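Quick notes on the structure that follows.
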Amino acid sequence: MSDIRIEKVRKQFGNLEILKSVDLEIKDKEFVVLLGPSGCGKSTLLRIIAGLETESSGTIRIGDRVINSLPPKSRRIAMVFQNYAVFPHMTVFENIAFGLRMRKDSEEHIQRKVKETAELMHIENRLTHYSGQLSGGQRQRVSVARALAMEPEVLLMDEPLSNLDALLRLEMRAELKTVLSASNTTTIYVTHDQVEAMSLADRIAVMNGGRIEQYDVPTEIYHNPATEFVGSFIGNPPMNFIAPKAGWNISKNQVNKLGVRPEDFDVRFEPQEGFIKTNVLIKELLGSHQQLTTKADGEMIRINIPSDLQVPNGSDLFIRPADDKVRFYDQAGHIM
Ligand SMILES: Nc1ncnc2c1ncn2[C@@H]1O[C@H](COP(=O)(O)OP(=O)(O)OP(=O)(O)O)[C@@H](O)[C@H]1O
Ligand SMILES: [Mg+2]
């Protein structure tokens with residue numbers, strides 16, 4: 001069993017508290033993504049799990065072992081970094097074999113594992129090439145193959161695709177997902193790319209300022225953001241957070257903000273009971289739909305509408321959130 005339990009992990013660098021009591025449990029074979037803005041502590045948390053950094057306090061368990069005091073090599077964890085860490089003067093074969101040789105596995109085992117993981121990553125016909133001659137995408141495959149060859153209980157990946165161009169990222173993302181679900185490895189994957197997170201994760205932990213704001217499956221994170229931060233960080237454009245409008249007759253007390261996704265408005269061209277007036281400032285045609293930036297009572301509201309509706313700039317629209325799609329947030333920005 002390779003379930004991971006992180007309990008009350010804190011990390012200080014000098015006087016700065018970088019991780020503020022993080023709790024996280026990851027099930028055996030689960031694919032969990034740590035998602036959050038730059039500097040929120042994602043890499044620090046990952047490095048603590050790997051044993052490359054020491055926590056200030058807290059406990060980390062894998063299965064029933066407390067691993068806090070174990071050195072990295074005894075944790076049965078493999079890590080893939082953003083910058084690949086592939087050795088250019090070694091062949092692809094030797095790069096993949098690197099960890100196995102360090103561990104003094106048998107030559108027969110090494111031959112078999114390298115071949116197996118190279119096939120998995122579609123680089124089996126590059127084994128004799130020097131890694132310096134490879135493209136970025138191929139190098140990334142080598143570093144994933146090297147990690148998988150170790151048959152780790154847990155695979156940690158820190159922005160492994162961020163050095164690749166957009167098309168290759170997309171391709172590698174799909175491949176990684178297939179390969180990792182076939183390999184049955186428990187994976188923690190760090191990114192600040194929400195699309196990557198949504199498409200890869202079984203569950204997403206959204207981090208902000210050294211805390212986990214929400215930990216749930218992607219659809220819940222999207223449709224029921226636990227905080228205004230999560231709603232604003234996920235979704236492009238983000239969720240609207242709007243002061244309650246009298247015209248919408250929404251009967252709930254103590255509401256500070258309504259959270260409404262841009263695609264969740266009913267839109268009319270004429271005034272109607274229960275709808276409020278909003279003025280179209282900017283119209284962007286995005287192919288599949290149009291994105292409108294509008295203003296109602298001095299507040300910006302972003303609305304997505306079908307691409308075939310004719311809406312001139314400066315025109316008025318009448319809107320109301322679809323009843324089952326409104327979320328309510330309190331003064332502290334928490335969902336009610
Ligand atoms: N060794 C260190 N000494 C001092 N401060 C550090 C150290 N490592 C990280 N930090 C600080 O901790 C905070 C979190 O860093 P971390 O690298 O974990 O962020 P991140 O979420 O991975 O960001 P990014 O998306 O940019 O990679 C940052 O403010 C960083 O400056
Ligand atoms: Mg980082």
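Remember, it's 1-based here, ligands and their atoms both numbered in the order they're listed. In this chain, residues are counted from 1 in sequence order. Since the model is a prediction, treat every value here as computed from it, not as a measurement.
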Atom 6 (C) of ligand 1: the protein heavy-atom neighbour that sits closest, reported with distance to 0.1 Å: Phe13 CD1, 3.3 Å
Atom 18 (O) of ligand 1 [closest protein heavy-atom partner, distance rounded to 0.1 Å]: Thr44 OG1, 2.5 Å
Closer than 4.0 Å: a protein non-hydrogen atom to atom 9 (C) of ligand 1: yes
Numbered atoms and elements of ligand 1 in range of Glu159, under 4.0 angstrom, heavy atoms: 25 (O)
Near-ring test Phe318/Phe269, centroid separation under 6.0 angstrom: no
N/O/S from Thr44 sitting under 2.8 Å away from the Mg ion (ligand 2): no
Minimum-distance protein heavy atom relative to atom 25 (O) of ligand 1: Lys42 NZ, 2.8 Å
Sub-3.5 Å N/O-N/O distance, Glu53 and ligand 1: no
Atom pair NE2 (His223) and NZ (Lys325), whose distance is rounded to the nearest 0.5 Å: 7.0 Å
Same apolar cluster (I L V M F W Y, side chains within < 4.5 Å links), Phe265/Tyr329: no
CD-OG distance between Gln12 and Ser57, expressed to the nearest 0.5 angstrom: 8.0 Å
Aromatic Phe229 / basic Arg211 pairing, under 6.0 angstrom, 45° off normal: no
Protein non-hydrogen atom below 4.0 angstrom of atom 31 (O) of ligand 1 present: no
Atom 24 (P) of ligand 1: nearest protein contact (heavy atom, Å): Ser38 OG, 3.6 Å
Cation-pi geometry met for Lys277 and Phe275 (6.0 Å, 45°): no
Residues Arg327, Asn224; criterion side chain to side chain donor-acceptor pair (under 3.5 Å); working and verdict: CA-CA 7 Å; Arg327 302 292 175 261; Asn224 293 305; 2.5 Å; yes
Winner among Gly209, Gly41, Gly39, Ser43 once heavy atoms are compared against atom 29 (O) of ligand 1: Gly39
Side chain to side chain donor-acceptor pair (under 3.5 Å) assessment of Arg173 paired with Ser199: CA-CA 8 Å; Arg173 192 169 85 200; Ser199 77; 3.0 Å; yes
Cation-pi, Phe93 ring and Arg126 (6.0 angstrom, 45 degrees): no
contact_flag Gly36 ligand 1 heavy-atom lt 4.0 Å: no
Geometric N/O contact Ile18 with ligand 1, under 3.5 angstrom: no
Atoms of ligand 1, numbered as shown, that sit under 4.0 Å from any heavy atom of His192: 25 (O)
